Amino acid sequence: MHTLLPAIKSSVWGPSLSPAELALVVAETSVKVVPAGAYVCHKGAPVEAWIGVIEGLVKMTSLSSEGKSVTFTGVPAGGWFGEGSLLKYPEPRLYDMVAVRESRVAYMPRATFNRLLDTNISFNRFLLKQLNERLGQFISVIEFDRLLEPDARVARALAQLFNPLLYPGTAALLQLSQEEIGLLSGVSRQRANQALQVLEKAGLLKVEYGGVRVLDVEGLKHFG
DNA sequence: TCATTAAATTGTT
DNA sequence: AACAATTTAATGA
């Protein structure tokens, strides 16, 4: 597909591939358009691919036994995920990934992923960094959920999308509706709206139609 | 290009 | 959760 090549080239790990490797990876990786609300991959399913978000936004969720969904984190365009699940193959996937809005998603087959792992040191270094970064992210998610008030939760959810290592090149203008922000932050849309206004008054971001412009990532990260 | 309409998003109760 | 106001996108003259 035409959109895949530039996406990989602009990723963190893409430039370390030789031209031949790059061509092979592109040929082996499939791209799918996932409608809003549809599953990118299912919890419990066998892990057959490493998954990249070319365009759009995907959230990581899990369903409780009562059917309530809990959102862990969002993955914006440019993010790749599922390496942890791949490394633990053949264990099934532990969470669902759902498109928050219509998204273009790349599926790199396990065989391709493993070949890169076996042959490309830069790719390994990238994965180590990403795993480490995610570890830190999930530790902070715990306090995020238990300690923080809604304003701070929204602030951190937005700041997380800016992690330069996990999600390079995320634009300053996040095209997220306030409803989507609420979903990612674990608060209602109304509360997200309220929080955004607080954060705007604090000078950390600017509320725009259909999105927010982030002015101070560090400020968001440490809010509250 | 402009005006009208529908759809999406936001702000407020 | 429901409502009204605002913005954007789509349509056709």
Side-chain angles (χ1 to χ4, degrees), chain A residues 1-4 6-7 10 31-41 51-79 81 95-106 141 144-163 166-224:
Chain A
M1 179 141 305
H2 194 264
T3 51
L4 182 58
S10 63
V31 175
K32 199 173 127 192
V33 173
V34 181
Y39 282 85
V40 171
C41 58
I51 299 175
V53 180
I54 306 299
E55 188 187 309
L57 180 72
V58 170
K59 63 174 176 173
M60 179 184 296
T61 69
S62 196
L63 280 177
S64 72
S65 50
E66 285 136 26
K68 291 186 177 175
S69 74
V70 183
T71 297
F72 294 116
T73 188
V75 181
F81 60 87
Y95 44 82
D96 292 313
M97 299 296 301
V98 176
V100 174
R101 61 168 179 272
E102 183 177 284
S103 302
R104 200 177 296 275
V105 178
V141 164
F144 178 104
D145 220 46
R146 295 185 187 168
L147 302 179
L148 299 179
E149 49 165 355
D151 291 346
R153 294 173 62 149
V154 171
R156 292 220 183 171
L158 292 174
Q160 247 181 23
L161 296 179
F162 268 93
N163 186 313
L166 294 178
Y167 315 125
T170 303
L173 173 62
L174 281 177
Q175 300 221 2
L176 287 175
S177 72
Q178 298 184 357
E179 185 167 11
E180 290 171 341
I181 291 172
L183 286 173
L184 290 178
S185 310
V187 303
S188 68
R189 183 185 73 80
Q190 294 94 312
R191 197 58 188 77
N193 174 280
Q194 218 172 314
L196 286 173
Q197 293 183 20
V198 170
L199 296 174
E200 183 172 39
K201 285 202 181 77
L204 301 176
L205 55 79
K206 191 165 172 295
V207 179
E208 297 183 5
Y209 184 83
V212 297
R213 186 173 297 279
V214 175
L215 304 175
D216 182 354
V217 185
E218 285 305 308
L220 284 174
K221 209 177 289 180
H222 300 121
F223 187 89

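What you see is a predicted model, and the numbers here were worked out from it, not measured in a lab. Reminder, nothing fancy here: chain letters follow the sequence lines and each chain counts from 1.
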I need the residues from residues 149-160 of chain A with at least one non-hydrogen atom less than 4.0 Å from DNA chain B; give them sorted by number, or say none. none
Positions of residues 172-193 of chain A (non-hydrogen atom under 4.0 Å from DNA chain C), listed by number: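 Output list: R189(A), Q190(A).
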Within residues 197-210 of chain A, residues whose heavy atoms come under 4.0 Å of DNA chain C: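 Listed by number, they are Y209(A).
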Going by the side chain to side chain donor-acceptor pair (under 3.5 Å) test, which pairs reach into residues 202-212 of chain A, not counting sequence neighbours?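 Every side chain to side chain donor-acceptor pair (under 3.5 Å) pair that includes a residue of residues 202-212 of chain A, provided the two are not neighbours, is E208(A)-R213(A).
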Side chain to side chain donor-acceptor pair (under 3.5 Å): pairs with one or both residues in residues 169-178 of chain A, sequence neighbours excluded: Q178(A)-N193(A)
Mind listing the closest non-hydrogen atom pair of [X] and [Y] along with its distance?
X: A157(A); Y: S185(A); value: CB-OG, 3.4 Å
X: V207(A); Y: V212(A); value: CA-CG1, 4.4 Å
X: A77(A); Y: E55(A); value: CB-CA, 3.9 Å
X: V34(A); Y: A99(A); value: CG1-CB, 3.8 Å
X: P76(A); Y: V53(A); value: O-CB, 3.6 Å

Partners passing ring pair (Phe, Tyr, Trp, His ring centres under 6.0 Å) against F72(A) (at least two apart in sequence or in another chain):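 None.
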Partner residues of D96(A) under the salt bridge (charged side-chain N to carboxylate O under 4.0 Å, His left out) criterion, sequence neighbours left out: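 Once residues adjacent in sequence are excluded, D96(A) has no partner under the salt bridge (charged side-chain N to carboxylate O under 4.0 Å, His left out) criterion.
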Q160(A) side chain to T73(A) side chain, donor-acceptor N/O pair below 3.5 angstrom: yes
Going 5' to 3' along DNA chain C, which are the first and last nucleotides with any atom under 4.0 Å from a heavy atom of chain A? dA1(C) to dT8(C)
Can you name the side chain to side chain contact (heavy atoms under 4.5 Å, CB included) partners of A106(A), sequence neighbours left out?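 Applying side chain to side chain contact (heavy atoms under 4.5 Å, CB included) to A106(A) gives L4(A), T29(A), V31(A), I54(A), W80(A).
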Heavy-atom contact window of chain A on DNA chain B, given 5' to 3' at under 4.0 Å: dA8(B) to dT12(B)
Side chains of E102(A) and V33(A) in contact at under 4.5 Å (non-hydrogen atoms):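 Answer yes - side chains close enough.
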Can you list every salt bridge (charged side-chain N to carboxylate O under 4.0 Å, His left out) pair that touches residues 175-187 of chain A, not counting sequence neighbours?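 Residue pairs passing salt bridge (charged side-chain N to carboxylate O under 4.0 Å, His left out), neighbours aside: R101(A)-E180(A).
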Could you tabulate the donor-acceptor pairs under 3.5 Å formed by side-chain atoms of residues 217-224 of chain A, not counting sequence neighbours?
| from | atom 1 | to | atom 2 | distance (Å) |
| --- | --- | --- | --- | --- |
| E218(A) | OE2 | K221(A) | NZ | 3.3 |
| H222(A) | ND1 | E218(A) | O | 3.1 |

For S10(A) and A7(A), indicate whether the former's side chain and the latter's backbone hold a donor-acceptor pair under 3.5 Å.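 Flag set: sc S10(A) to bb A7(A) pair under 3.5 Å.
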